[in-house]
Amino acid sequence: MTQFTKNVIEIIKNIPCGKVMTYGQIAKAAGSPGAARQVVRILHSMSEKYELPWHRVINSKGEIGFQDEEMFHTQKSLLISEGVEFSSNRAISLLIYLWDIEYEQS
DNA sequence: AACATGACTCATA
DNA sequence: ATATGAGCCATGT
């Protein structure tokens with residue numbers, strides 16, 4: 001397990017309930033700016049094994065990245081149940097993903 | 001045109 | 001089978 005992967009997993013695990021983070025923010029916070037694709041890959045392949053709150057990770061536009069409708073609905077339901085508001089069908093309210101500001105200071 | 005972002009996809013270890 | 005790094009490519013700024 002590389003340090004980057006550990007960081008990514010750690011970061012995702014620490015996203016508080018009701019907040020979300022983007023791929024790019026996670027990659028940057030994990031020490032590899034621009035490695036958003038690796039974050040995607042980690043999420044895609046290891047979220048179950050490491051019990052990651054995958055639903056709290058979104059793309060840089062503040063939207064759910066899934067193309068698959070069923071997964072999309074699953075994620076949306078999970079977020080709503082955590083109190084995350086949506087400003088449109090796919091997009092998450094900007095109020096919620098301010099979390100990176102707190103994170104970058106620590 | 002140049003750059004950023006990808007729930008990709010493949011080849012390796 | 002699992003984890004990692006990297007490349008291709010579409011889309012949007």
Side-chain angles (χ1 to χ4, degrees):
Chain A
M1 186 85 85
T2 62
Q3 189 59 46
F4 174 73
T5 305
K6 279 190 206 162
N7 290 341
V8 169
I9 288 173
E10 185 66 17
I11 288 163
I12 294 173
K13 271 188 175 169
N14 281 309
I15 300 175
C17 184
K19 300 288 178 80
V20 295
M21 243 180 131
T22 72
Y23 307 115
Q25 284 160 9
I26 292 169
K28 186 176 157 207
S32 260
R37 303 202 77 167
Q38 309 296 21
V39 176
V40 170
R41 183 177 48 71
I42 289 166
L43 230 35
H44 186 91
S45 58
M46 325 206 265
S47 57
E48 186 172 354
K49 175 160 296 199
Y50 293 92
E51 298 181 320
L52 302 181
W54 54 271
H55 55 280
R56 307 211 262 248
V57 184
I58 58 177
N59 68 21
S60 59
K61 297 186 222 126
E63 301 171 348
I64 291 174
F66 279 116
Q67 41 216 314
D68 181 82
E69 280 303 310
E70 192 172 336
M71 281 298 127
F72 167 76
H73 283 307
T74 304
Q75 178 169 15
K76 187 168 180 179
S77 303
L78 282 167
L79 288 171
I80 288 174
S81 73
E82 293 185 349
V84 174
E85 292 180 12
F86 283 73
S87 55
S88 72
N89 185 34
R90 286 203 157 233
I92 284 166
S93 165
L94 295 182
L95 298 174
I96 305 299
Y97 84 108
L98 301 173
W99 188 64
D100 59 308
I101 294 171
E102 301 172 24
Y103 198 89
E104 287 180 13
Q105 291 172 352
S106 51

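Sequence lines set the chain letters: A, B, ... in the order given, protein chains first and strands last, and positions in each chain run from 1.
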Do E63(A) and I92(A) make a side-chain contact, defined as non-hydrogen atoms from C-beta onward lying under 4.5 Å apart? no
Apply side-chain hydrogen bond (donor to acceptor under 3.5 Å, both in side chains) to [X] and list each qualifying residue two or more places apart in sequence or on a separate chain.
X      : value
Q38(A) : R41(A)
N89(A) : K76(A)
Q67(A) : none
S32(A) : none

Could you list the residues that satisfy side chain to side chain contact (heavy atoms under 4.5 Å, CB included) with [X], not counting sequence neighbours?
X      : result
A27(A) : A35(A), V39(A)
Q3(A)  : K6(A), N7(A)
S87(A) : A91(A)

Quickly work out the Y23(A) OH to dT5(B) P distance and round it to whole Å. 13 Å
Excluding sequence neighbours, so at least two apart, what forms salt bridge (Lys or Arg N to Asp or Glu O under 4.0 Å) with E51(A)? none
Hits for salt bridge (Lys or Arg N to Asp or Glu O under 4.0 Å) against E69(A), two or more places apart or cross-chain, chain-then-number order -> R90(A)
Please encode protein proximity along nucleotides 1-13 of chain C as a string of B, S and -, counting only heavy-atom distances under 4.0 Å. --SBBBBB-----
Interface with DNA chain C, restricted to residues 65-83 of chain A and to heavy atoms under 4.0 Å: none
Give me, pair by pair, the N or O atoms of the protein and of nucleotides 11-13 of chain B that are less than 3.5 Å apart, along with how far apart they are.
none

